[in-house]
Amino acid sequence: MERTTYLDLLASGLAGIDAWNARFGAFEADETLQVPGEKIAKVLVELNERLHDNYPFGHPRYAGQMLKPAHPIAELAYAIAMQINPNNHALDGGPASSQMEKEVVADLARMFGYGETFLGHLTSSGTIANLEALWIARSMHPDKGIAASDQAHYTHGRMAGVVGMSFRAIPTDAHGRMDLNALEDALRSGEIGTVVATAGTTGLGSVDPIHEIIPLARRYGARVHVDAAYGGFFTLVARQAEPAIDPAPFLAIAESDSVVVDPHKHGLQPYGCGSVLFRDPAVGRFYVHNSPYTYFTSRDLHLGEISIECSRAGAAAVATWATFKCFPLEPDRGLGPILAKGRRAALAWAELLTDDERFRLVVAPELDILNFYPLPAGGAVNASAISALTEQVYQRTMDDLDDPVFLAMFVATRELLARRDPHIVWDEPAVTVLRSVLMKPEHLARVPKLHAAVVRQLGPNTATP
Ligand SMILES: *Cc1c(COP(=O)(O)O)cnc(C)c1O
């Protein structure tokens with residue numbers, strides 16, 4: 001969006017709020033709140049300089065972690081809502097933004113195929129959303145534990161501790177997906193109340209076979225929670241006519257008991273905006289509580305009644321609502337095509353890497369996350385030598401002032417890689433590899449340049465093509 005357009009839209013949005021405020025009569029802010037304009041200007045200059053100590057998350061050169069700025073629509077809506085600063089804890093705190101939250105959560109439920117009856121709300125993060133799902137898991141099965149794959153987000157092990165449940169890590173297969181035989185062994189013990197399946201692991205971007213996990217878990221009376229904090233919006237790609245991903249796990253989310261998706265990851269939102277949805281609204285009974293402070297203006301549902309968090313940014317709901325109006329949750333328009341481009345970028349780069357003997361893929365990418373490593377010279381190579389070359393490339397691509405490229409790193413264990421690459425000599429238990437999250441649609445056109453930038457930093461001590 002052009003800067004002038006952005007500023008014009010912001011000005012007219014703010015003017016609209018000013019006009020509404022004027023109805024209540026003009027008043028002067030108290031003198032204790034006054035700051036001279038020059039003072040603010042000076043602070044903003046310093047602030048701007050401080051902010052330069054950052055990575056250029058919005059630029060296609062940045063292909064490292066799961067980071068990117070929000071869409072300008074979300075920023076505008078958020079900034080306009082900040083003139084009121086609604087709090088979606090209770091309807092009293094923000095009637096309009098609470099209504100918008102219900103609408104965007106219904107959009108998310110529709111995307112996952114949860115039908116008309118469900119319970120859900122936004123959260124301040126995926127961590128809190130998962131915590132809430134695990135808290136319900138414990139409420140449903142107080143005497144049982146949870147199981148998640150050894151590639152699941154570390155939050156699950158930690159949050160199981162917070163809610164006082166046992167946690168079992170299920171081994172993964174050579175693709176980094178939950179191993180079904182190992183899961184069945186765990187289920188057979190009778191100790192698992194809820195299985196956490198991940199739709200897009202944070203490290204590898206691997207997708208657990210949700211469509212197989214659900215019937216298996218059900219056979220043993222276990223529930224299934226899907227952690228789709230990162231990958232949830234790929235459900236739109238799965239619903240495309242010719243999906244560039246395996247659609248089965250994503251379409252099966254419709255049958256899961258609960259799901260978490262982060263609008264602040266692939267939903268174009270600023271932090272913090274996560275969400276949790278439960279397929280059966282009857283879990284609402286676990287939230288029953290009695291608050292003397294809130295919930296008095298209306299008999300309608302207050303979002304705070306179905307959430308473990310109290311105060312939450314109403315602006316987050318407003319920003320998500322405005323964004324989904326412009327980018328609806330549809331396979332072929334709005335958000336779907338944006339995610340499909342990142343996916344195609346991962347496929348395109350994977351092809352370049354596969355054709356280049358100086359590199360190996362850790363796993364074939366399932367979404368838009370790519371893990372690969374450069375090969376040092378020689379037939380059999382030490383794990384430590386791969387890690388050293390990875391770290392060299394990681395640092396040098398970032399430090400190259402003429403053509404900087406920003407990647408991330410991932411620690412691939414021997415269990416994962418030894419099955420895939422028999423040439424590695426395991427002088428260390430794991431290998432550090434390069435990791436790239438291609439979550440911006442601009443990455444697709446950028447792939448040849450990203451690859452060239454990595455190749456340029458390999459140096460002489462590399463396998464020859
Ligand atoms: C990012 C992520 C989380 C944690 O979510 P936050 O919003 O960072 O708190 C949990 N699970 C998965 C799979 C993730 O990718």
Side-chain angles (χ1 to χ4, degrees), residues 57 64-70 74 105 108 112 120-135 137 146-163 167 169-170 172 175-178 194-210 213 224-235 245 249-250 253 256 258-277 307-309 312-313 316-317 319-320 339 342-343 346 363 365-371 408-411 435-439:
F57 304 123
Q65 309 280 359
M66 296 169 169
L67 297 164
K68 64 176 181 179
V105 171
L108 293 170
F112 289 124
H121 59 87
L122 299 180
T123 63
S124 54
S125 71
T127 304
I128 295 296
N130 276 308
L131 169 63
E132 193 160 321
L134 296 196
W135 174 60
I146 65 163
S149 91
D150 60 17
Q151 291 290 330
H153 200 284
Y154 67 83
T155 190
H156 296 289
R158 197 148 76 176
M159 290 303 175
V162 172
V163 297
F167 175 82
I170 307 295
T172 42
H175 305 281
R177 306 172 194 147
M178 188 185 282
T194 296
V195 178
V196 177
T198 306
T201 57
T202 315
L204 294 170
S206 48
V207 181
D208 285 338
I210 300 163
I213 289 172
V224 176
H225 167 64
V226 179
D227 180 1
Y230 184 75
F233 289 104
F234 280 95
T235 303
I245 59 173
F250 289 93
I253 295 175
S256 66
S258 54
V259 60
V260 159
V261 61
D262 270 356
H264 70 205
K265 278 184 181 148
H266 255 308
L268 309 175
Q269 296 310 299
Y271 303 111
C273 188
S275 69
V276 61
L277 287 87
S307 165
I308 52 173
E309 286 177 275
R312 276 186 306 110
T320 308
L339 274 98
R343 167 60 180 157
V363 293
E366 292 188 64
L367 300 177
D368 56 1
I369 301 175
L370 199 60
N371 282 264
M409 292 189 286
F410 175 74
V411 176
R435 169 169 166 268
S436 177
V437 180
L438 298 160
M439 71 189 308

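Order of listing sets the numbers, starting from 1, for every ligand and every atom in it.
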Please tell me whether T123 and E132 have a donor and an acceptor in their side chains that are separated by less than 3.5 angstrom. no
Flag for T198-D227: side-chain donor and acceptor within less than 3.5 Å: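 Result is no, nothing qualifies.
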Looking only at distances, can you tell me whether any N or O atom of [X], backbone or side chain, sits closer than 3.5 Å to an N or O atom of ligand 1?
X: H264; value: yes
X: T201; value: no
X: T155; value: no
X: K265; value: yes

Sub-4.0 Å heavy-atom contact, G200 with ligand 1: yes
Under a heavy-atom criterion of less than 4.0 Å, does H156 contact ligand 1?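 Heavy atoms of H156 never come under 4.0 Å of ligand 1.
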Pick one of side chain, backbone, both or neither for how T127 approaches ligand 1, counting any non-hydrogen atom pair under 4.0 Å.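 Contact part for T127 vs ligand 1: both backbone and side chain.
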Given that the side chain starts at C-beta and the backbone is N, CA, C, O, which of these parts of N130 lies under 4.0 Å from ligand 1, counting heavy atoms, or is it both or neither?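 Only the side chain of N130 comes within reach of ligand 1.
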Please say which of H266, K265, H153 ends up in a side chain to side chain donor-acceptor pair (under 3.5 Å) with Y230. H266
Run the numbers for me: atoms of ligand 1, each under 4.0 Å from some heavy atom of D262, listed by number.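 Close to D262: 5 (O), 6 (P), 7 (O).
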Check ligand 1 against A229 and write out every atom of the ligand that is under 4.0 Å from a heavy-atom position of the residue.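 This gives 2 (C), 3 (C), 10 (C), 11 (N), 12 (C), 14 (C) as the contact atoms.
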